[in-house]
> 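Dropping the structure in here first, questions after.
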2 protein chains.
Amino acid sequence: MPPSGDLPALLAVSFRAVMDRVHTHLAAEGFGDVRPAHGFVFQYLSFHPHATAVELGEHLGITKQAAVQLIDELDRRGYVERHPHPTDRRSRAIGLTARGRACIERVVAHWQDIERRWAELIGEERVQRLRGDLATLTDDTAGGRPVPLRPLW
Amino acid sequence: MPPSGDLPALLAVSFRAVMDRVHTHLAAEGFGDVRPAHGFVFQYLSFHPHATAVELGEHLGITKQAAVQLIDELDRRGYVERHPHPTDRRSRAIGLTARGRACIERVVAHWQDIERRWAELIGEERVQRLRGDLATLTDDTAGGRPVPLRPLW
DNA sequence: ACCATCTAGTCAAGTAGGTTGTCTATATGC
DNA sequence: GCATATAGACAACCTACTTGACTAGATGGT
């Protein structure tokens, strides 16, 4: 049996379906002004508390200028704030505000809800395998290069 | 064990890794002027030979106007051509040219190469299960609504 | 200590890939 | 046969990104 070659489309629609669902719920909770990129920013910041714009840009797969614009926007909307960087006076350390923390808390909760729902449908071991396989295969496909988050379209 | 909540990122990077790889190979084969959206257009056209702009827009998750622009671009570059629609004189049936068929042939070949490589890594049954699970979970997450291909970012 | 080089962020302009709104011609259903 | 719906065209606009040039501060070699 030849491979059917529909995996790219499956990856695309699964991502889209998850993001749509999360966004719907967030909007109902008062976070209607965030898009997927913002969620990934929050997540990154919660694991890297003193991240800089350059760092974020690399993680997301956008230029540092675009990253700065993103941060500006989140700053204006009260999700993040900039502090002087502890060791490098050129840099500005980006931190989540209370509102930012509230939002990422909801984002992660929704991600986990979906994951739990999936575990109900196909079983927890299979979700674990899905996760593990995706990580393995992505890593191999990328050939060791870091893979940016932003989908090219 | 709580769900770890990294699945959205995994879906994003797996899609990105696959698309990057395919694009690299296509560029080396003389198809450097196509992006992921074009590949999905070609694929759709090869299964729906007389598709229209509206139809394509719905499939991709963009407006009909954006779909027309996309088709214009592919037309100018010689990948598709427009024919009078057999039954509806408002419509224009979009068809692949020889170059378009050559391109989608390569696209699908690369998709299948990746799938075969994945089968070497984790076994064919597990790739099949990955595919099936993704389809099931996407369907459930979307709640029956059709899911557009284009990733929101 | 000095100087060449590198790096973080800024400023400004440009572009890609969409969007919404409006219009015409054709199709469809009662 | 007429009201309504649909396909595509045209135009204006917008958002999220890009490239390029620049400044202030960091870094490393001699």
Side-chain angles (χ1 to χ4, degrees), chain A residues 12 16 19-20 23 32-41 44-45 48-77 79-95 148-153, chain B residues 12 16 19-20 23 32-41 44-45 48-77 79-95 148-153:
Chain A
R16 169 78 185 233
M19 295 326 261
D20 280 359
H23 181 261
D33 57 351
V34 293
R35 48 190 180 89
H38 300 141
F40 290 115
V41 168
Y44 188 82
L45 290 180
H48 302 83
H50 294 294
T52 68
V54 168
E55 218 175 313
L56 253 175
E58 280 162 3
H59 179 240
L60 296 176
I62 59 182
T63 59
K64 61 180 180 175
Q65 292 93 328
V68 167
Q69 283 177 218
L70 204 54
I71 295 160
D72 280 343
E73 197 187 339
L74 291 174
D75 191 348
R76 276 195 305 274
R77 296 182 187 171
Y79 287 99
V80 306
E81 56 196 4
R82 300 190 234 218
H83 309 289
H85 192 280
T87 63
D88 187 336
R89 278 192 298 166
R90 295 170 305 176
S91 271
R92 313 179 68 179
I94 305 158
L149 277 171
R150 179 175 152 246
L152 287 191
W153 183 248
Chain B
R16 169 80 186 232
M19 296 326 263
D20 280 359
H23 182 260
D33 57 352
V34 293
R35 47 190 181 89
H38 300 142
F40 290 116
V41 168
Y44 188 82
L45 291 180
H48 301 85
H50 294 295
T52 67
V54 169
E55 218 176 313
L56 211 42
E58 280 163 3
H59 179 241
L60 296 176
I62 59 181
T63 60
K64 60 181 180 177
Q65 292 92 329
V68 168
Q69 282 177 216
L70 203 54
I71 295 161
D72 281 343
E73 198 186 338
L74 291 173
D75 193 348
R76 276 195 304 276
R77 295 181 187 172
Y79 288 100
V80 306
E81 56 196 4
R82 299 191 232 219
H83 308 290
H85 192 281
T87 64
D88 188 334
R89 279 192 299 168
R90 294 169 304 176
S91 272
R92 312 179 69 180
I94 306 158
L149 277 170
R150 181 169 79 107
L152 286 191
W153 184 250

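What's counted below: heavy atoms across the whole structure, side chains too, no hydrogens, waters or symmetry copies. All chains are named by letter (A, B, ...) in the order of the sequence lines, taking the proteins before the strands, and each is independently numbered beginning at 1.
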> Under 4.0 Å, heavy atom to any atom of DNA chain C: which of residues 85-93 of chain B qualify?
B/Thr87, B/Asp88, B/Arg89, B/Arg90
> Contact list please: residues 60-67 of chain A against DNA chain C, heavy atoms, distance less than 4.0 Å, in numerical order.
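Contacting residues: A/Lys64, A/Gln65.
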> Figure out the CG/C1' separation between B/Leu149 and C/dG17, and round it to whole Å.
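Value for this atom pair: 17 Å.
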> In this structure, how many angstroms lie between the C1' atom of C/dA8 and the CD1 atom of A/Ile94, rounded?
11 Å
> Hey, is the main chain of B/Arg35 close enough, under 3.5 Å, to the side chain of B/His38 for a donor-acceptor pair?
yes
> Should we count NE2 of B/His50 as having more than 12 external heavy atoms under 6.0 Å?
no
> Can you tell me how far P of C/dA16 sits from NE2 of B/His38, to the nearest Å?
12 Å
> Between C/dG14 atom P and A/Gln69 atom CD, what is the distance in whole Å?
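For the pair A/Gln69 CD and C/dG14 P, the rounded distance is 15 Å.
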> Closer to the 5' end of DNA chain C via nearest nucleotide, is it B/Ala37 or A/Glu55?
A/Glu55
> Which listed nucleotide (C/dT10, D/dA16, C/dT19) is nearest to the side chain of A/Glu73?
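Among C/dT10, D/dA16, C/dT19, the one nearest the side chain of A/Glu73 is D/dA16.
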> Do A/Tyr79 and A/Val34 have side chains that get closer than 4.5 Å, going by heavy atoms?
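The answer is yes; the side chains approach within 4.5 Å.
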> For the side chain of A/Thr52, counting heavy atoms from C-beta on, which of C/dA8, D/dA7, C/dT19 is nearest?
C/dA8
> Working to the nearest 0.5 angstrom, can you tell me the gap between A/Arg16 CZ and B/Leu149 CG?
9.0 Å
> Just N and O in the side chain of A/Arg150: are any of them under 4.0 Å from OP1 or OP2 of D/dA16?
no
> From B/Arg92 CZ over to B/Thr52 OG1, what is the distance, rounded to the nearest 0.5 angstrom?
12.0 Å
> Please give, in whole Å, the distance from D/dC17 P to A/Asp72 CG?
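A/Asp72 atom CG is separated from D/dC17 atom P by 13 Å.
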> Of B/Glu58 and B/Trp153, whose closest DNA chain D nucleotide lies nearer the 5' terminus?
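Looking at DNA chain D, the more 5' nearest nucleotide goes with B/Glu58.
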